Engineer: 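Shown below is the structure under consideration.
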Amino acid sequence: MSIFNFHKNSFKHGIHPPESKDETKGLPIRQFPFAPVIILPMAQHIGAPSQIVVREGQEVHRGQLLAKAGGYVSVPMHAPVSGVVRKIGNVPTISGQMTTGIYLEAFPFSTQEVLEGTPVDPDTATPEEILQGIQDAGIVGLGGAAFPTHVKLKVPEGKTCETLIINGVECEPYLTTDHRVMLEQEADIFMGIKYLLKVTGAKEAVIGIEANKKDAAEHLRKHLPPDLPISVKVLPVKYPQGAEKMLVTAILGKEVPSKKLPIEVGAVVVNVATTAEIGRLLPHGRGIQERVITISGPGVKKKGNYLIPVGTPLRFVLEHIGVDEAITEVYMGGPMMGVAVSNLDIPIVKGTSGILVFTRKEVELNVKTYPCIKCGACVDACPLMLNPSQMGILAKSEAYDEMVTDFNLMDCFECGSCTYVCPSHIPLVQYFRLAKRQVRKREAAEKEAAAKQEADKKEKLNA
Amino acid sequence: MSILIAIVALGGLTLLLAVLLITAYRKLYVWEDPRIDMVEDMLPRANCGACGYPGCRPFAEALVGEETLPGKCTVSSDEGRQAIASFLGVDLGEEEKQVARLACAGGTNVAINRAQYEGIRSCQGAALISGGGKGCFWGCLGHGDCEVSCDFGAITMNEHGLPVVDPEKCTACGDCVEACPKDLFSLQPVSHRLWVACKNLEQGDDILEDCQVACTACGRCAMDAPGDLITMQNNLPVINYSENHDTTDPIQRCPTGAIVFLNDEGGAVKGKASKKIIRKGQRAMGST
C-alpha cells in the first residue's frame with residue numbers, strides 16, 4: 001500500500017479520518033463567561049504538581065499567582081478570575097482521581113481586569129530570563145500534552161537547534177483552535193517566535209500548516225515580519241502529522257531516533273497556540289489564565305471556538321452552549337487522542353484543546369470485538385513503523401516485557417491510528433496504554449526496591 | 001585386525017571419558033542439604049509468594065537454612081506446617097491467618113455509575129478511561145481483575161459486582177492487592193473484625209448521591225469508640241488495631257453502615273442506626 005511515498009512533504013503511513021472541521025473553522029474566537037465556581041487542579045501539567053501559596057478565604061485578583069512551581073518540571077498557576085478562594089481540597093480531574101486543588105468563587109460584579117507582572121523584553125532579555133519568564137507565566141504545551149514549555153525549550157549541552165518548528169498542523173478532526181489562533185492572533189505568534197528564536201538559538205523558524213488551512217497560511221504569509229527569518233510551509237493533510245516526530249519528518253525530511261527528542265536532528269517543535277500565548281503574556285509578565293477551545297460535535301447547539309477560563313467546570317460549559325438531549329459521549333481533546341469523560345463535574349485544564357459531544361445517533365454502543373485476523377492494516381497505519389497487531393496479541397496475554405524489548409512499545413505515542421483502522425474493533429491503544437502503565441509501575445517498584453536495598457546496605461556498613 | 005583397532009580405540013575413548021566424568025562429578029559436586037528436597041515435597045507447591053520468597057523451593061531453602069519459620073506458609077494446612085516444623089525440629093512460628101479485605105461496599109445496588117464503560121473488560125483498563133465511570137472516585141469498578149488474579153479461587157464476584165473473599169480459601173498471597181487499580185484490597189489478620197469498608201476521602205453527604213453506603217466522615221464511630229481506638233484521618237476513620245478492637249460500639253450509630261463488624265461467617269454486621277437497603281437490582285441515577 002505504501003511502497004511509493006507519493007507525498008514527499010510528509011511522513012510515511014498515517015491515516016485520513018474525516019476532518020469535520022467545516023462547522024467551526026469559520027467561527028471567530030469568542031470570550032466565554034465566567035463560571036460561578038472555578039475548579040483548579042494543581043496537577044494540570046506533566047511533572048510535579050504546583051504548590052498552593054494562597055489560603056482559604058483569601059481574595060485573589062485575576063492573574064494573581066495562586067500556586068508556585070513544584071520543581072523544575074513544573075509550572076505555577078494563576079487565578080483565572082477575580083474572586084475568593086472558597087476551599088482548598090480534593091478536586092475531580094479527567095484522570096478519574098481526586099487531586100489537590102482550589103475552588104475559586106468568582107466575584108459576579110468584578111471588572112475582571114488582569115494583573116500585570118514584570119515584563120520580559122524580547123530585545124534585551126537573555127535566553128535564561130526568557131526561559132524563566134515562560135515558566136513564570138505557567139505556559140505548557142497547549143496542543144494537549146501539557147508538558148512544561150520551558151523544559152522543552154532548554155537546548156541540552158552539546159546540541160544545537162537549527163530550526164524552530166511552529167506546529168500549526170492541528171491534524172485532529174473537529175478541532176479548529178490553532179486555525180483560529182493563526183487567523184486572529186498573528187501578531188502574538190510572531191512575537192512568540194521572536195522570543196523562541198532567541199531562547200533556542202535557531203537560525204530560522206518554519207510554521208507547518210496542513211493544506212486544509214490554506215487561508216491561515218495565506219494570512220500568516222501576508223503579515224510575515226520582515227526582520228524575522230520565518231517561513232510558512234503547507235503540508236498535505238494526514239493524521240497524525242501534528243505529532244512532534246511526524247512533523248519533523250514532514251518538514252526536515254529527517255527521522256527522529258527512537259526514544260530521542262527532535263533536538264537530536266537539530267529541531268525544536270512548539271505548538272502555535274503556545275507560541276501565541278508566549279507572545280501575548282511575556283511582554284506583560286502575565287500568567288496563563290484562559291485558552292481557546294473548540295466546542296463541536298453533533299450534540300452541540302452553539303458550536304464554536306471559545307476563549308474559556310482555565311478551571312471552568314465542564315457542566316457549566318455544556319449548559320451554557322446547550323447540548324442535545326440524547327447526549328451520549330463527551331470527549332475532552334480531539335476524537336483520536338482525547339479522553340472520554342466519565343464525570344461532567346471535572347474542570348477544563350490548560351491542556352484541553354477541544355470538547356466534543358456525540359449523541360446516541362453517532363455512538364455505537366456494545367461494539368463487538370473480533371479476534372485479530374492479521375490483516376496488517378494497523379501496521380500500514382502506524383506512523384512509527386511499530387507492529388500494533390503483534391503487540392495487541394502480546395498485550396492480551398500480559399507479555400509486557402516482550403512488548404517493550406522486542407516491539408518498542410514505549411515509542412508508541414497513542415495516536416490511535418491502529419485502533420481507527422482495525423476491522424476487528426480491537427481497542428489496541430487502550431491495550432498499549434494499559435501495558436505502558438503496568439511497565440512504568442513495575443519500573444518504579446523495581447527502582448524503589450533497589451533504592452531500599454542500597455539504603456539497607458549502607459545501614460549495615462554503618463552499623 | 002581393523003575391528004580390533006576400532007574396539008580398542010572406542011573402548012579407550014569410553015574409559016577416558018568415563019574417568020573424566022567421574023572426576024568432574026567428584027571435584028565439582030555441590031553438596032545440597034537433602035532436607036531441602038524433602039521439605040519442598042511437604043510444601044503445597046503453589047508458588048504463590050505469600051511467604052515472601054519467590055516460590056516454594058526458595059522457601060524450602062530458607063526453612064532449612066533457618067532463615068524463616070514454617071508458619072509463614074499460609075497455604076499449607078495446620079498439619080502440614082506442623083509436619084515441617086517437627087521434621088526440621090524448629091518452632092512452628094505460627095502467624096495469625098491473614099485474609100484479603102475489600103475497603104468498598106459500593107455494589108451496583110447502592111452505588112451508581114456516572115458513565116457506561118466500553119472497552120477492555122478489566123478494571124485496570126477501565127481505570128485508564130477517566131477513572132472507569134463509577135460515580136465514586138475511589139470505589140470498586142467491578143470488572144473482576146481480582147477474581148482473575150486469584151490463583152486459589154477465593155474471590156468471586158457477587159450479583160452486585162463486588163468481589164467476595166472466601167476466608168477459608170484465601171491464602172493472603174497478595175495478588176489481588178496488586179491487581180486492584182483503586183488499591184481497595186489489603187491483607188488483614190482475621191481477628192481484625194472491625195472494618196471500614198470505604199475509601200471516600202470527601203467529607204459530607206454529597207457522596208451519598210454516588211453511593212449509599214459511603215463514609216461521610218461524620219465522626220460518630222470515632223466518638224463512640226473506647227479510648228483512641230478510632231481516629232479520623234483524611235476524612236476516614238482509621239482503626240488502631242493495637243488497642244482492643246473486639247467491640248461493636250463504634251458501628252452502632254454509623255448512618256450509612258460504612259463501618260462494619262465482621263461475624264464468624266465473614267458476613268458484615270451493620271449498626272442499628274444504619275439505613276437498611278433492600279434493593280436487589282441496579283440502583284438508578286438520581287434515586288436515593
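Each chain gets a letter, A, B and so on, in the order its sequence line appears, and its residues count up from 1. Please read all numbers here as calculations on a predicted model, not as lab measurements.
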Engineer: How long is the span from the CD atom in A:Glu398 to the OG atom in B:Ser122, to the nearest 0.5 Å?
Structural biologist: 8.0 Å

Engineer: Does A:Asp345 reach the side chain of B:Arg114, with side-chain heavy atoms less than 4.5 Å apart?
Structural biologist: yes

Engineer: State the CD-OG distance between A:Gln97 and B:Ser130, to the nearest 0.5 angstrom.
Structural biologist: 11.0 Å

Engineer: Need one label for A:Ile346: side chain, backbone, both or neither, based on atoms under 4.5 Å from any heavy atom in chain B.
Structural biologist: neither

Engineer: Decide yes or no on side chain to side chain contact (heavy atoms under 4.5 Å, CB included) for A:Asn366 and B:Gln116, but give the supporting numbers first.
Structural biologist: CA-CA 10 Å; A:Asn366 300 316; B:Gln116 185 191 342; 3.9 Å; yes

Engineer: Output the distance between atom CZ (A:Arg433) and atom CG (B:Leu128), rounded to the nearest 0.5 Å.
Structural biologist: 7.5 Å

Engineer: Please flag which part of A:Val339 lies under 4.5 Å from any non-hydrogen atom of chain B: side chain, backbone, both or neither.
Structural biologist: side chain

Engineer: Could you give the distance from CD (B:Gln124) to CD (A:Gln430), rounded to the nearest 0.5 Å?
Structural biologist: 11.5 Å

Engineer: To the nearest 0.5 Å, what is the distance between CD (B:Glu118) and CG (A:Leu365)?
Structural biologist: 5.5 Å

Engineer: Please state whether the side chain, the backbone, both or neither of A:Gln438 comes within less than 4.5 Å of a heavy atom of chain B.
Structural biologist: side chain

Engineer: Can you tell me if B:Glu178 has over 12 outside heavy atoms packed within less than 6.0 Å of its CD?
Structural biologist: no

Engineer: Considering non-hydrogen atoms only, spot the tightest contact between B:Lys182 and A:Gly96 and give its length.
Structural biologist: NZ-O, 4.1 Å

Engineer: Nearest 0.5 angstrom please: B:Phe137 CZ to A:Asn90 CG, how far?
Structural biologist: 9.5 Å

Engineer: Go through the atoms of A:Lys441 and report whether side chain, backbone, both or neither lie under 4.5 Å from a heavy atom of chain B.
Structural biologist: side chain

Engineer: Which answer fits B:Gln203, side chain, backbone, both or neither, if we ask what part of it has an atom under 4.5 Å from a heavy atom of chain A?
Structural biologist: neither

Engineer: Identify the heavy atoms of A:Ser342 and B:Gly133 that sit nearest to each other, and give their distance.
Structural biologist: CB-CA, 3.6 Å

Engineer: Tell me, yes or no, whether the heavy-atom count around A:Glu364 atom CD, taken from other residues, nucleotides or ligands under 6.0 Å, exceeds 12.
Structural biologist: no

